[in-house]
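One structure is given below, encoded as structure tokens.
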Amino acid sequence: MTARVFVARDAGAISVGADEVAAELVASGRRRGLDIDIMRTGSRGLYWAEPMIEVATAAGRVAYGPVAAKDIDGLLDAGLLDGKDHSLSLGPTEEIPWLKRQTRLTFARCGVVDPLSLSDYRAHGGGKGLERALSLGTEATLAEVEASGLRGRGGAGFPTGRKWRTVAEARAAQKYIACNADEGDSGTFADRMIMEGDPFVLIEGMAIAGFAVGADKGYVYLRSEYPHAAATFESALAEARKGGLLGDSIAGSGVTFDIELRIGAGSYVCGEETAMLESLEGKRGQVRARPPLPAHKGLFGQPTVVNNVVSLASTPFVLAEGGSAFADVGFGRSRGTIPIQIAGNVRYGGLFETGFGISLGEIVDEIGGGTRSGRPVRAVQVGGPLGAYIPRSLFDTPYDFEAFTAIDGLIGHGGIVVFDDTVDMRQQARFALEFCALESCGKCTPCRIGSTRGVELVDRLAGGADAAETVAILEDLCQTLKYGSLCALGGFTPYPVMSAVRYFPEDFGMERQPAAAGQ
Ligand SMILES: Cc1cc2nc3c(=O)[nH]c(=O)nc-3n(C[C@H](O)[C@H](O)[C@H](O)COP(=O)(O)O)c2cc1C
Ligand code: SF4
């Protein structure tokens, strides 16, 4: 009898040896005369357990990990193919507490299906959202997305339904869907996981968006650092055209929609939507002044929906199950689920999809399991390189757009990076300013010049300059950056810098203020 084993083909799993594990399974199986069928899937997002292998048993899939190629013989001896016990056993996959605790709506198929099999996609519920949208019509489709309360997962949290409606109501012969897959935030990998593990859900989401707003062409702007995602997505596009998910008559409806994949050239600011549009047009990736909004005048001057991968990939669920099914999950004005990407110095790093509202402390201490080094957690940077450094005293903050804005932070694209007590927060503040200087598109003075002046100020501190005086100048500079910058690169760089100063003043040679004591 053929035994089926699942091994991820996702870049994260490959980077820790998934290809070697799969090759050893083939070789060892052959030596033993075993009939093993290996299916390469996306990753479930349990990167702490990758390379994770799963075996299909009569009782469902059973998982083992992290597995090295040298473990394969021992695993086969122990009865791997029957799901038998071993020191690397994680038990039935769906019962692994780290996975069971999640609410998987957008990532439900990731790590489960063959990413390039349209029939496997459909067998696991794929395609239903588009079919329902086509049967509902454009107005009801827009209404479902509005009712879901979905807000952009790229960083700004803008309501997706409102954006779609603006483009739907714009009068133009040509409209576009531009998917932002630049995924530049530190510690983030949700977009990559979708594109490598369940690419058809993004294709379906883009087709729904195209139908809803009247766009027949979509572009995906992917960062050059993701070659595996590019290869998988390009193959998925070909399969989607063959299978009628893209083309002249999507899902047999007579509606036309197709997608082109474009690769960026390695620039963080090209993730900013207007810089991305410039880059897509073949120009230098420089931020455009707004208005006009991309929804009115976007790609090639036409009305354009710009959405993040996760935003678009969430819409097939919204349409298949109804906007209220999505809105039922969440917290406050942050509805639905968010794929939190836990990274840095953390024991259980990976992607954890859950409803908004979970506290930061739960994410770091319970789900992340504290630091990998075993030392105390000192700070967590939430929301990428423009996000604030949060001290333990704020760990009861609920994971929600408004709650993080209230503490001068942001949740960005859902990434969190954990640091232990060896971190030097002055170095982190310097890094934020240096990053801004390197990535600045150069259009406005506060960001272009101010970031470099900021690096110099931090260096002056390191050289023994008067702390109170130098930090006061740094604060003043941050105010200029915050209020004088054209886009959020310059505008939000003060978050990591000033949070480092506020919560960790001793690293800047300053006394802790009573308000900061205990933090
Ligand atoms: C400097 C900078 C970098 C950004 N990088 C990304 C990115 O990599 N991916 C992304 O989706 N949004 C990024 N954004 C946010 C986009 O400008 C935009 O808000 C988003 O793509 C809209 O999609 P959404 O509404 O689905 O979130 C960035 C913004 C700024 C200011
Ligand atoms: S803030 Fe920086 S990145 Fe943004 S427009 Fe100004 S110079 Fe460009």
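Note that ligands are numbered from 1 as they come in the structure, with each ligand's atoms numbered from 1 the same way.
A salt bridge does not link Asp114 to Arg9: none of the charged nitrogens lies less than 4.0 Å from a carboxylate oxygen. A salt bridge links Glu281 and Arg288; the closest N-O separation between the charged side-chain nitrogens and carboxylate oxygens is under 4.0 Å. Of the charged side-chain nitrogens involved, at least one lies within less than 4.0 Å of a carboxylate oxygen, so that Asp10 and Arg192 count as a salt-bridged pair. Between Arg151 and Glu402 there is a salt bridge, with a side-chain nitrogen of the basic residue lying less than 4.0 Å from a carboxylate oxygen of the acidic one. With salt bridges taken as basic N to acidic carboxylate O contacts below 4.0 Å, one links Asp459 and Arg430. Taking a cutoff of 4.0 Å between a charged side-chain nitrogen and a carboxylate oxygen, Arg132 and Glu144 qualify as a salt bridge.
The single protein non-hydrogen atom nearest to atom 3 (C) of ligand 1 is Glu272 N, 3.6 Å, given as residue, atom name and distance. The protein heavy atom nearest to atom 8 (O) of ligand 1 is Glu183 N, 3.0 Å. Here the heavy atom of the protein found nearest to atom 26 (O) of ligand 1 is Ser311 OG, 2.6 Å. If you check which protein heavy atom lies closest to atom 27 (O) of ligand 1, you get Gly154 N, 2.7 Å. Protein heavy atom in closest approach to atom 17 (O) of ligand 1: Glu273 N, 2.9 Å. Among protein heavy atoms, the minimum distance from atom 23 (O) of ligand 1 is reached at Asn308 N, 3.2 Å. The protein heavy atom nearest to atom 1 (C) of ligand 1 is Tyr268 CE2, 3.5 Å. Summary of contacts: the protein heavy atom closest to atom 28 (C) of ligand 1 is Gly271 O, 3.4 Å.
Distances from atom 4 (Fe) of ligand 2 under 2.8 Å pick out these protein N/O/S atoms: Cys487 SG.
Around atom CZ of Phe395, more than 12 heavy atoms belonging to other residues, nucleotides or ligands sit under 6.0 Å away. Heavy-atom contacts from other residues, nucleotides or ligands closer than 6.0 Å to NZ of Lys217 number more than 12. Taking a 6.0 Å sphere around CZ of Arg290, one finds it holds more than 12 heavy atoms contributed by other residues, nucleotides or ligands.
Of the N or O atoms in Asn180, one or more lie within a sub-3.5 Å distance of an N or O in ligand 1. Geometrically, ligand 1 and Asp182 share no nitrogen or oxygen pair separated by less than 3.5 Å. The distance criterion of under 3.5 Å between nitrogen or oxygen atoms is met by Asn307 with respect to ligand 1.
No side-chain donor-acceptor contact under 3.5 Å links Ser359 and Tyr399.
Within the 4.0 Å heavy-atom shell around ligand 1 one finds Lys163.
Remark: among candidates Ala488, Pro159, Gly152, Gly384, the nearest residue to atom 24 (P) of ligand 1 is Gly152, based on non-hydrogen atoms.
With hydrogens and angles disregarded, a donor-acceptor distance shorter than 3.5 Å links the side chain of Lys443 to the backbone of Val287.
If you number the atoms of ligand 1 from 1 as listed, the ones under 4.0 Å from a heavy atom of Gly184 come out as 8 (O). Atom numbering of ligand 1 starts at 1 in the shown order; those under 4.0 Å from a heavy atom of Arg153 are 26 (O), 27 (O).
Residues Thr106 and Ser314 come closest through the heavy atom pair OG1-OG, 3.2 Å. When all heavy atoms of Val255 and Phe211 are compared, the pair lying nearest together is CG2-CD1, 4.0 Å.
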